[in-house]
Number of protein chains: 2
Amino acid sequence: MGVKERKERDKLEMRDKILQSAHKLFLEKGFDQISLRSIAESIEYSPATIYLYFKDKNEIFHALHQQGFGMLNQAFQPLTLIASPFDRLREMGKAYIQFATTNPEVYELLFIRTEPMEHLATCMDDQWTEGDRAFDVLLHTVKGCQEQGYFVGLDTQNMSMLIWSFIHGLCSLGISKHISHVKEARDNQMVIDEIMNNTYQTFQLMLERLKN
Amino acid sequence: MGVKERKERDKLEMRDKILQSAHKLFLEKGFDQISLRSIAESIEYSPATIYLYFKDKNEIFHALHQQGFGMLNQAFQPLTLIASPFDRLREMGKAYIQFATTNPEVYELLFIRTEPMEHLATCMDDQWTEGDRAFDVLLHTVKGCQEQGYFVGLDTQNMSMLIWSFIHGLCSLGISKHISHVKEARDNQMVIDEIMNNTYQTFQLMLERLKN
DNA sequence: ATCTAAAACTAAACACCGTTTAGTAAATTT
DNA sequence: AAATTTACTAAACGGTGTTTAGTTTTAGAT
């Protein structure tokens, strides 16, 4: 009697349908433009139906947040194959920037918007472990670099935090409209991308000088 | 017959009253909790009245944005007296972090939220010049450092952008709830402040190693 | 002092929003 | 076939930003 199983599948399918629709909408129209009502309309159900599958809007954001972290981890997956820690670190930075610039809305959801974080804070179960794990990977890579003579005398955790801060700051400034000081950059994404690349390259040069 | 002048004064006073009220409200209740209606209530006028002094809500944010930049510039004012560029750079970073941590809501408005920026983009008059000027100060200081043997061979603009990215990233992560990897940091502001200080100190050590 | 025209202000409405409630229709179990 | 659980929704609640139409207050001219 697989009716129970089918029902469960249906339930998950519906959840997924809602999430897919939300994802599509917030890619198309941006963040503040997603409403439960627009999600409901796009899946051709009434707004109240969504509350049968999600507690509230934050829970939808939370689910998208998890999904986004999945995407990011997937982007990092191939990099674990790189043996040299310093090379791996460089490529991790590149991949991070690449992810942020090609999925700015997702990046915003993951690292800039505070809504799902605040929601998580109220949950007892630590589901922000994905973030912890990602940071552990960074820590491990920095440690590897140090064993090869980079960043000697600098604390591993502080150095990791430094690197993350820089990359995150660069991505944040690139995604938001805050890169000024070059008037062409105001609306030209290509100029912004170039600034980001140049800045990252300079960072890389800086790190290379920190050997021995 | 100074009646016309008085009316103009009254108009400006009212604008200021609205802005003060908005500022107070968004310090008290946070960002998303400010509504035109709550502003109106706190100044004891009807919501529609606000539209006689501001085009829309974005224009209020925009005005607060300018005001916030004034505060930041004021915090930077004393630092121009520091003769040594490298010392000045260090103190600028400290002042920036200090500003961000003591006025997180203002910092969020200035550098994280995109609303007033998007509004500015539609304005023809370039009023984001304050940001440009602040960056010029940074550029000038970095150039000074280079003349004293720091960061040689690195592009001035890229280096400035690197520094701003790092500091901004650090502040962003500190303000939002995204610093994980230390479970105590989840809700303890003191731990977060310490992480930020340690990270900045490490950055400083790094820069010092880049002499010659 | 009275009339007029402009300025200041607001009540009410509009079209949204997230969320809840109460009730209907369909599917499943008995 | 009846009873019960499940899936769904219409309508409402209290909130938002904004507009409109109309009222009150003020200023200047007669």
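Heavy-atom basis, side chains included; hydrogens, waters and symmetry copies ignored. These figures come from a predicted structure and were not determined experimentally. Sequence lines set the chain letters: A, B, ... in the order given, protein chains first and strands last, and positions in each chain run from 1.
- Rounded to whole angstrom, the span from the CD atom of B/E41 across to the P atom of D/dG17 amounts to 13 Å.
- The CZ-C1' distance, from B/F54 to D/dT19, rounds to 19 Å in whole Å.
- Closest to the side chain of B/A48, from the set D/dA10, C/dG18, C/dA11, is C/dA11.
- Aromatic pair B/F31/B/F61: centroids less than 6.0 angstrom apart.
- In this structure, B/I34 reaches the sugar-phosphate backbone alone: every heavy-atom distance under 4.0 Å involves primed, P, OP1 or OP2 atoms, never a base.
- Relative ring orientation between A/F26 and A/H23 is described as perpendicular, the plane-to-plane angle rising above 60° on a 0-90° scale split at 30° and 60°.
- In this structure, A/E105 has no salt bridge (Lys or Arg N to Asp or Glu O under 4.0 Å) partners at least two apart in sequence or on a different chain.
- In this view, B/S21 and B/S42 satisfy the side-chain hydrogen bond (donor to acceptor under 3.5 Å, both in side chains) rule, not counting sequence neighbours.
- Remark: P of D/dA10 and OH of A/Y51 are 16 Å apart, rounded to the nearest angstrom.
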Set out, line by line, the N/O atom pairs under 3.5 Å between protein and nucleotides 14-16 of chain C.
none

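- The interatomic distance linking B/N58 (CG) with D/dT18 (C1') rounds to 13 Å, in whole Å.
- Look at A/R113 and A/D32 and you find a salt bridge, because one of the NZ, NE, NH1 or NH2 atoms lies within 4.0 Å of a carboxylate O, short of that distance.
- Considering only residues two or more places apart in sequence or on other chains, B/K143 meets the salt bridge (Lys or Arg N to Asp or Glu O under 4.0 Å) condition with none of them.
- Here the P atom of nucleotide C/dC17 and the NZ atom of A/K57 are 9 Å apart, to the nearest Å.
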Under 3.5 Å, which N/O atoms of the protein pair with N/O atoms of nucleotides 5-9 of chain C?
residue : atom : partner : partner atom : Å
C/dC9   : OP2  : B/Y53   : OH           : 2.5

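- For A/F86 and A/Y150, the gap between ring centers is short of 6.0 Å.
- Separating the CD atom of A/E44 from the P atom of D/dT9 is a distance of 10 Å, rounded to the nearest angstrom.
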Let me check something: any side-chain donor-acceptor pairs from residues 73-81 of chain B under 3.5 Å, sequence neighbours excluded? List them with distances.
residue : atom : partner : partner atom : Å
B/N73   : ND2  : B/F69   : O            : 3.4
B/T80   : OG1  : B/Q77   : O            : 2.8

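- Ion pairing between B/E91 and B/K94 holds under the 4.0 Å rule for side-chain N and carboxylate O.
- Rounded to an integer number of Å, the gap from CG of A/D56 to P of C/dT19 is 5 Å.
- Annotation: salt bridge (Lys or Arg N to Asp or Glu O under 4.0 Å) contacts involving residues 17-29 of chain B, sequence neighbours excluded, are absent.
- Across all strands shown, A/I60 has no heavy atoms under 4.0 Å from either base or sugar-phosphate atoms.
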Between the protein and nucleotides 24-26 of chain C, list the N/O to N/O atom pairs that are separated by less than 3.5 angstrom.
none

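- In this view, B/S172 and B/H168 satisfy the side-chain hydrogen bond (donor to acceptor under 3.5 Å, both in side chains) rule, not counting sequence neighbours.
- Contacts between residues 18-29 of chain A and DNA chain D, defined by a heavy-atom separation below 4.0 Å, involve no residue at all.
- Partners of B/Y51 by ring-ring contact (aromatic ring centres under 6.0 Å, His included), not counting sequence neighbours: none found.
- Residues that satisfy the salt bridge (Lys or Arg N to Asp or Glu O under 4.0 Å) test with A/R90, not counting sequence neighbours, are A/D87.
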Ring pair (Phe, Tyr, Trp, His ring centres under 6.0 Å) between A/Y107 and A/F99: does it pass, once the steps are laid out?
-> CA-CA 8 Å; A/Y107 187 83; A/F99 180 83; 7.1 Å; no
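- One interatomic measurement links the two molecules: CG of A/D32 to P of C/dG18, which rounds to 11 Å at whole-angstrom precision.
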